[in-house]
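Heads up, the thing below is written out as structure tokens.
Numbering starts at 1 and runs along the sequence shown. One-based numbering, in listed order, for ligands and for the atoms of each.
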Amino acid sequence: MGKSSKDKRDIYYRLAKEQGWRARSAFKLLQVNEEFNIFEGVSKAVDLCAAPGSWSQVLSRQLYENQKEVKIVAVDLQAMAPLPGVIQIQGDITKTSTAENIIRHFEGEDADLVVCDGAPDVTGLHDIDEFIQAQLLLAALNITTHVLKHQGTFVAKIFRGKDVALLFSQLRIFFTDVKCCKPRSSRNSSIEAFVVCRGYNPPEGYIPSMINPMLQLDYNFDFDSLEGVNRYVVPYIACGDLSAYDSDKSYTLQEGDVPYVYRPPVQSPIDPPYKQACILKNGRNVSQNSSLLPEVKDSKETSES
Ligand code: SAM
């Protein structure tokens, strides 16, 4: 693997810009859909941890643009530029007030699909990253139990660490079909994978509660010790067809005789950490002017930097 600055500019990063996606993550959801057909019959969807919004874009393009009476609710800590057909909520998904806000938007109706690509700022300490990721997943699942219709689908990012069996066991309580998949656009070098949980079917008598959720992580319990019928081994699927680009491979920037053309980001950050510095330097607001983003001079520089 190369340096991280180079890794970020892989083939999916470039394709995302060419096809107008706000982030390369769009391909992960598209490839999960290719494998599992999760968008079929969906008219109400929730995108948790949505910024900068490439998954919401996928939902908007695939659902809203075909059928206008679609409801898509997107939530993130960060503000996000608007998207057609997407209602935005800025908030923390682990907070009860955010969950209540999402639930309110559904006005008693149920969602067909909940997706969550939530990721904390990675510390590099795998145990801590995995723990925070698991907490995000549990918060997402708690929200899901309030809004998802019976037999609905939940897709979420997980980190495949040592406690992953515990998460799968918890998910199996609520869904008849749980699979773990790795889209081709997700780098092999990353421990990230996605759970695709279909057939929402909570235990009889289960009452969703944000105050005292049923889902808790009991880290003292060794789920790996379960055996026989008590042990559920979640199928692991590599998705995206083999002809798709490999996210860990390097491809040349130039295709044939066509010279590589630099494309600016599809959506410049609307509230970047360096915003204040730009305002002080130029007296302008970065969200209104993408030219304040670091300039890239030519294609050669792009490929090497
Ligand atoms: N799916 C997005 C896309 O395609 O553009 C990318 C999501 S990004 C990998 C992870 C997001 O999780 C970040 O935007 C971050 O703000 C959000 N996030 C992390 N913790 C959160 C929390 N507690 N509540 C809401 N959003 C959170």
Side-chain angles (χ1 to χ4, degrees), residues 4 7-8 10 12-13 15-17 19-33 38-39 45-63 72-84 86-103 105 113-123 128-144 146-147 154-159 181-183 185-187 190-196 210 213 215 247 265-273 275:
S4 67
D7 295 347
K8 286 184 191 141
D10 72 350
Y12 285 103
Y13 170 89
L15 282 179
K17 289 216 251 173
Q19 296 176 16
W21 301 111
R22 290 182 183 181
R24 64 187 293 294
S25 326
F27 293 103
K28 298 176 192 171
L29 189 60
L30 289 166
Q31 288 170 351
V32 167
N33 183 51
I38 54 171
F39 296 152
V46 181
D47 181 8
L48 300 172
C49 302
S54 76
W55 280 27
S56 290
Q57 263 185 305
V58 171
L59 294 172
S60 174
R61 286 191 197 176
Q62 300 249 344
L63 306 177
I72 302 165
V73 176
V75 189
D76 202 284
L77 286 172
Q78 324 269 354
M80 206 167 93
L83 282 168
V86 178
I87 302 166
Q88 285 183 38
I89 298 172
Q90 194 176 353
D92 181 343
I93 65 159
T94 62
K95 294 241 167 77
T96 312
S97 55
T98 312
E100 285 167 352
N101 202 353
I102 302 168
I103 296 159
H105 276 287
L113 172 70
V114 178
V115 295
C116 176
D117 188 27
D121 286 338
V122 176
T123 63
I128 294 180
D129 293 340
E130 192 195 324
F131 173 79
I132 303 173
Q133 182 68 26
Q135 293 303 313
L136 270 185
L137 178 62
L138 289 184
L141 191 51
N142 281 325
I143 290 171
T144 301
H146 284 84
V147 294
F154 173 63
V155 175
K157 169 147 75 197
I158 58 161
F159 284 172
C181 73
K182 179 90 173 165
S185 49
S186 172
R187 298 181 184 99
S190 154
I191 59 167
E192 149 193 290
F194 294 86
V195 279
V196 179
M210 289 306 297
L215 299 160
S247 50
V266 174
Q267 173 65 56
S268 55
I270 58 172
D271 204 9
K275 184 174 171 181

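Of all protein heavy atoms, the one lying nearest to atom 21 (C) of ligand 1 is Leu77 CD1, 3.5 Å. Scanning all protein heavy atoms for the shortest distance to atom 12 (O) of ligand 1 gives Cys49 CB, 3.3 Å. Atom 6 (C) of ligand 1 has its closest protein heavy atom at Ala51 O, 3.1 Å. Counting only heavy atoms of the protein, atom 19 (C) of ligand 1 lies nearest to Ala119 O, 3.3 Å.
Short contacts between ligand 1 and Ser54, defined as distances under 4.0 Å to a heavy atom of the residue, involve ligand atoms 3 (C), 4 (O), 5 (O). Below 4.0 Å from some heavy atom of Ala50 lie the following atoms of ligand 1, by number and element: 2 (C), 3 (C), 5 (O). Set against the non-hydrogen atoms of Asp92, the atoms of ligand 1 under 4.0 Å away are 22 (C), 23 (N), 24 (N). Within the listing of ligand 1, atoms 16 (O) sit less than 4.0 angstrom from a heavy atom of Gln78. Heavy-atom proximity to Asp117, at under 4.0 Å, picks out these atoms of ligand 1: 1 (N), 2 (C), 6 (C), 7 (C), 9 (C), 10 (C). Shown in contact with Ser25 at under 4.0 Å from a heavy atom are these atoms of ligand 1, numbered in order with element: 4 (O). Every atom of ligand 1 with a heavy atom of Leu136 under 4.0 Å away is listed here by number and element: 20 (N), 21 (C), 22 (C), 23 (N). Close approach of ligand 1 to Gly91 is summarised as follows: ligand atoms under 4.0 Å from at least one heavy atom of the residue are 24 (N), 25 (C).
Using the six-membered ring where Trp is involved, Trp21 and Phe27 have ring planes that are perpendicular, over 60° apart on the 30 and 60° scheme.
Close N/O approach between Gly118 and ligand 1 is not found [any backbone or side-chain N/O within under 3.5 Å]. Considering backbone and side-chain atoms alike, Asp76 places an N or O below 3.5 Å from some N or O of ligand 1. Remark: ligand 1 and Trp55 share an N or O pair separated by less than 3.5 Å (distance only, no angle test). Considering backbone and side-chain N/O atoms, Gly53 comes within less than 3.5 Å of an N/O atom of ligand 1. Residue Ile93 has at least one nitrogen or oxygen atom sitting less than 3.5 Å from a nitrogen or oxygen atom of ligand 1, judged on distance alone.
With a 4.0 Å cut-off on non-hydrogen atoms, Pro52 touches ligand 1 through its backbone as well as its side chain. Residue Thr98 does not touch ligand 1, judged by heavy-atom distances below 4.0 Å.
For the pair Leu137/Phe154, a side-chain contact is recorded, criterion being any heavy-atom separation below 4.5 Å from C-beta on. No side-chain heavy atom of Cys116 sits under 4.5 Å from any side-chain heavy atom of Lys157.
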| query | Passes side-chain contact (heavy atoms from CB on, under 4.5 Å), Leu59 versus Val86? Steps please. | reply | CA-CA 9 Å; Leu59 294 172; Val86 178; over 6 Å; no

| message | Using the rule given for side-chain contact (heavy atoms from CB on, under 4.5 Å), can you reason through Ile38 versus Leu29, listing the C-alpha separation, both sets of side-chain angles and the distance that settles it, and then say yes or no? | response | CA-CA 9 Å; Ile38 54 171; Leu29 189 60; 4.0 Å; yes

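Under the 3.5 Å distance criterion, the side-chain polar atoms of Lys17 are left unmatched by any main-chain donor or acceptor of Tyr12. A donor-acceptor pair under 3.5 Å is formed between the side chain of Gln57 and the backbone N or O of Arg22. Looking at Glu192, its side chain never comes within 3.5 Å of a backbone N or O of Phe159 through a donor-acceptor pair. The main-chain N or O of Phe39 is never found under 3.5 Å from a side-chain atom of Gln62 such that the two would form a donor-acceptor pair.
Under the 4.0 Å criterion applied to side-chain N and carboxylate O atoms, Lys28 and Asp117 are not assigned as salt-bridge partners.
Considering every non-hydrogen atom in both Ala50 and Asp76, the closest pair reads N-OD2, 3.0 Å.
Residues Asp47 and Ser56 have side chains that bring a donor and an acceptor to within less than 3.5 angstrom of each other.
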